[in-house]
Asker: 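Sharing a structure with you now.
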2 protein chains.
Amino acid sequence: MAASEEQEARIQVRTITDLARLAGVSPGTVSRALAGKSLVNTKTREKIEALAREHGFRPNQMASGLRRQKTGVIGVVIPLGHDIRQQISDSFFMTLLGFLADELTTHGYDLMLRRVVPDDDADWLDRFIGSGMIDGVIVIGQSDQFDRIEEVADGYRSMVVWGNHQEGQRHCVVGTDNRLGGRLAAERLIAGGARKLAFLGDTGPMEFAARFAGAQDVAARMGLPSVLPLVTHLSPDRASEEIAKHLAAHFTAQGRDIDGIFAATDTLAALCLTELRAQGLAVPDDVKLIGFDDLPIARQTIPPLTTVRQDIAAGARGLVDLLLRRLGGETTESLVLPPELVVRETA
Amino acid sequence: MAASEEQEARIQVRTITDLARLAGVSPGTVSRALAGKSLVNTKTREKIEALAREHGFRPNQMASGLRRQKTGVIGVVIPLGHDIRQQISDSFFMTLLGFLADELTTHGYDLMLRRVVPDDDADWLDRFIGSGMIDGVIVIGQSDQFDRIEEVADGYRSMVVWGNHQEGQRHCVVGTDNRLGGRLAAERLIAGGARKLAFLGDTGPMEFAARFAGAQDVAARMGLPSVLPLVTHLSPDRASEEIAKHLAAHFTAQGRDIDGIFAATDTLAALCLTELRAQGLAVPDDVKLIGFDDLPIARQTIPPLTTVRQDIAAGARGLVDLLLRRLGGETTESLVLPPELVVRETA
DNA sequence: ATTCCTGTTGCAAACGTTTGCAGGATGATT
DNA sequence: AATCATCCTGCAAACGTTTGCAACAGGAAT
């Protein structure tokens with residue numbers, strides 16, 4: 001008796017069938033017991049649960065997923081546009097990803113992360129969706145793939161995108177009102193006395209384009225010259241020297257073209273601050289500077305950075321909430337979050 | 001004819017069987033064709049591939065995974081110890097994660113991310129491994145789970161861990177030589193004239209304990225008083241005030257207990273720098289300060305931070321390389337990476 | 001004794017792929 | 001014409017779960 005029990009314990013129990021044999025019931029019953037269905041006798045269930053615990057048995061998720069046609073996994077995809085190296089280390093996206101992981105876990109979903117380079121692989125989104133591995137997908141950042149995403153959205157409901165909202169778009173998006181954010185920034189710069197504004201960053205990506213446009217709105221409304229775009233890459237290594245060049249070009253012995261800079265992200269703003277200091281320009285006295293995101297770094301620069309805050313946690317909650325509702329069959333509207341001006345000392 | 005073709009195109013082709021019907025062959029042949037096996041006639045293959053492209057067909061990964069007993073997915077798990085809120089936004093882990101995503105993608109694997117709170121769920125690692133969803137697992141950070149990881153390693157080969165290496169441990173680990181890093185830091189502080197050293201951070205996690213121990217080694221060898229631990233949480237919000245308190249306690253009107261601070265991470269070092277400045281202490285003249293990691297922020301503080309560099313990209317490469325070799329059946333040794341002192345202006 | 005619940009279980013067919021094996025062509029060699 | 005090797009393809013059995021349906025036991029109601 002003891003011998004046979006020992007032998008039983010030694011037996012590898014990998015499948016529900018193994019466990020069923022041990023418990024002296026059919027596989028179906030084990031499945032129902034483990035799933036907590038009410039149709040199974042309490043004593044049987046307890047016995048099965050005990051055996052499962054004892055042998056450390058876990059049902060195979062692949063098989064379960066195949067049979068039930070759902071996986072309990074949400075795909076999170078980061079499309080990398082032109083500026084490959086940047087995005088992955090981008091603090092903003094990474095922070096968002098962290099919150100997403102939290103939020104999905106809370107709702108019992110796993111997270112499958114995929115980075116794609118759309119240029120190399122036109123099929124990036126379909127491939128992910130069609131793989132059968134995920135119940136739904138969250139796209140982080142529209143990059144330059146707005147049209148592709150729109151197309152896919154027409155035939156696939158279980159998708160939510162982080163990004164910028166455009167009038168009449170068909171895919172469900174969650175994001176900050178970037179244009180309003182741009183307006184807030186420009187207004188603050190101007191209120192501080194700035195008249196010659198510049199926008200630092202890449203105006204290609206939609207979010208940034210909207211921030212730029214917001215600043216333009218204000219400049220136009222106030223009758224100021226239009227905002228000067230200072231184009232840079234986003235990766236810190238390349239951006240530094242690009243910023244230095246821009247500054248050298250616009251702050252010369254003959255004069256200063258710029259007295260207010262709106263940076264597309266806090267990361268760029270921080271770099272810009274360093275460069276301004278290196279070129280002997282005082283912030284905010286000579287130039288006013290304002291960032292975007294309110295990442296932790298904004299509090300640590302010297303002087304601390306005035307910036308436009310995005311509520312990343314709320315964004316993550318929104319993304320997950322909307323996606324789950326879509327999985328449940330609801331039709332959902334996009335969610336536009338309000339930006340908030342955080343006044344510190346650079347503007 | 002045209003009508004029937006149109007009808008064909010409209011038909012949803014979800015399964016390999018659908019495609020087989022369209023192509024007029026058996027499912028087996030389609031499977032082989034799509035897998036690129038040599039046993040299938042070139043013309044047949046081309047026809048099948050064309051049809052697959054046309055209908056946007058992708059084989060179901062769940063079914064494939066189930067049948068082949070491998071999924072093409074690597075699990076990445078971040079165990080969160082005491083300090084929950086911190087880790088997920090921790091720049092270091094996030095950067096590592098980014099590189100891991102790159103590296104795994106390059107090798108044709110997908111990445112399944114899971115955050116766990118071991119305190120709530122003693123079973124965290126077995127559950128992930130036993131789910132059948134992943135071919136192998138990378139654990140980012142040992143947290144306080146060293147023993148649990150050791151146990152699991154005895155029965156499961158497809159695991160590699162980022163963390164600290166200990167003499168005689170059984171699990172395969174990749175990580176920086178933290179103790180050596182600690183020594184480098186302390187030596188630099190002392191070479192600059194510091195005699196009363198402090199370690200800023202949590203000495204609980206193994207990596208940090210090793211850094212602390214390294215600093216101790218040097219202090220002892222030089223006959224200096226032992227290194228004073230200044231315990232803080234790692235999340236920026238809590239850490240700031242904790243640091244302020246520590247500083248207030250050790251830099252009083254009566255005198256200064258400390259003239260060299262070794263911070264467990266750059267993030268803490270940057271916060272510390274801010275607090276030192278707030279309390280009117282000059283770096284490096286009054287106090288020398290040195291960080292760990294060489295995150296981007298280290299270059300942007302004022303003055304820029306002297307720190308001990310970890311090669312994160314190499315770490316990610318090592319993790320993936322070792323894991324894949326283990327999947328292939330090899331037995332692998334742990335990989336200990338050398339830290340590198342980066343001298344800037346704070347020490 | 002018969003009928004009819006109610007609660008619990010077993011049976012077997014899915015889910016969509018992959019793959020060992022056998023078999024059918026085709027052409028080359030005897 | 002017979003034999004054989006070479007290619008290619010089809011058949012059917014897996015992979016491990018879930019779940020509709022049928023069946024069975026036991027008890028209550030007729």
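Numbers restart at 1 for each chain; the letters A, B, ... are given by sequence-line order, proteins then strands.
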Asker: Quick check for you: name the first and last nucleotides of DNA chain D, 5' to 3', having an atom under 4.0 Å from a heavy atom of chain A.
Answerer: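 Boundary nucleotides touching chain A, in 5' to 3' order, are D:dG16 to D:dG20.
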
Asker: Any side-chain to backbone donor/acceptor pair from B:S143 onto B:Q145? Under 3.5 Å, distance only.
Answerer: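 Answer holds: no.
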
Asker: Calculate the interatomic distance between A:L39 atom CG and C:dT9 atom C1'; express it in whole Å.
Answerer: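 For the pair A:L39 CG and C:dT9 C1', the rounded distance is 10 Å.
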
Asker: Does a side-chain N-to-carboxylate-O contact under 4.0 Å join B:D135 and B:R326?
Answerer: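 No salt bridge links B:D135 with B:R326.
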
Asker: What distance separates B:L323 CG from B:Y109 OH, expressed to the nearest 0.5 Å?
Answerer: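 Answer for the CG-OH pair, B:L323 versus B:Y109, is 7.5 Å.
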
Asker: At what distance, to the nearest 0.5 angstrom, does CD1 of A:I134 lie from CZ of A:F128?
Answerer: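 So the CD1 of A:I134 and the CZ of A:F128 are separated by 4.0 Å.
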
Asker: Looking at side-chain heavy atoms only, is the closest gap between B:L327 and B:I74 below 4.5 Å?
Answerer: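 Touching, per the 4.5 Å side-chain cut-off.
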
Asker: Report the end-to-end axis angle of the helix from C:dA1-D:dT30 to C:dT30-D:dA1; each axis comes from five terminal pairs, and the value is rounded to 10°.
Answerer: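 End-to-end axis angle for the helix from C:dA1-D:dT30 to C:dT30-D:dA1: 70°, rounded to 10°.
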
Asker: Would you find a donor on one side and an acceptor on the other, under 3.5 Å apart, between the side chain of A:E151 and the backbone of A:R148?
Answerer: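 A pair under 3.5 Å: no.
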
Asker: Find which nucleotide of DNA chain D each of B:R45 and A:N60 is nearest to by heavy atoms, and output the residue with the more 5' nucleotide.
Answerer: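 On the 5' side of the pair lies B:R45.
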
Asker: Measure from CG on A:N41 to P on C:dG10 and round the result to the nearest Å.
Answerer: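 A:N41 atom CG is separated from C:dG10 atom P by 11 Å.
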
Asker: Verify, without hydrogens or angle tests, whether B:Q169 (side chain) and B:H171 (backbone) share a donor-acceptor contact under 3.5 angstrom.
Answerer: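 Checking the backbone N and O of B:H171 against the side chain of B:Q169, a donor-acceptor pair under 3.5 Å is found.
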
Asker: Is the backbone of A:K37 close enough, under 3.5 Å, to the side chain of A:R45 for a donor and an acceptor to pair up by distance?
Answerer: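 Checked: pair present.
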
Asker: Indicate, with a heavy-atom threshold strictly under 4.0 Å, whether A:K37 touches base, sugar-phosphate, or nothing.
Answerer: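 Sugar-phosphate contact only.
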
Asker: Which distance, rounded to the nearest 0.5 Å, do you find between the CG of A:L100 and the CZ of A:R317?
Answerer: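 The CG atom of A:L100 sits 11.5 Å away from the CZ atom of A:R317.
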
Asker: Would B:R14 and B:D18 satisfy salt bridge (charged side-chain N to carboxylate O under 4.0 Å, His left out), going step by step from the backbone distance to the final call?
Answerer: CA-CA 7 Å; B:R14 295 182 319 103; B:D18 294 343; 5.0 Å; no

Asker: What residues from residues 25-35 of chain A pass a heavy-atom cutoff of under 4.0 Å to DNA chain D?
Answerer: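 Output list: A:G28, A:S31, A:R32.
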
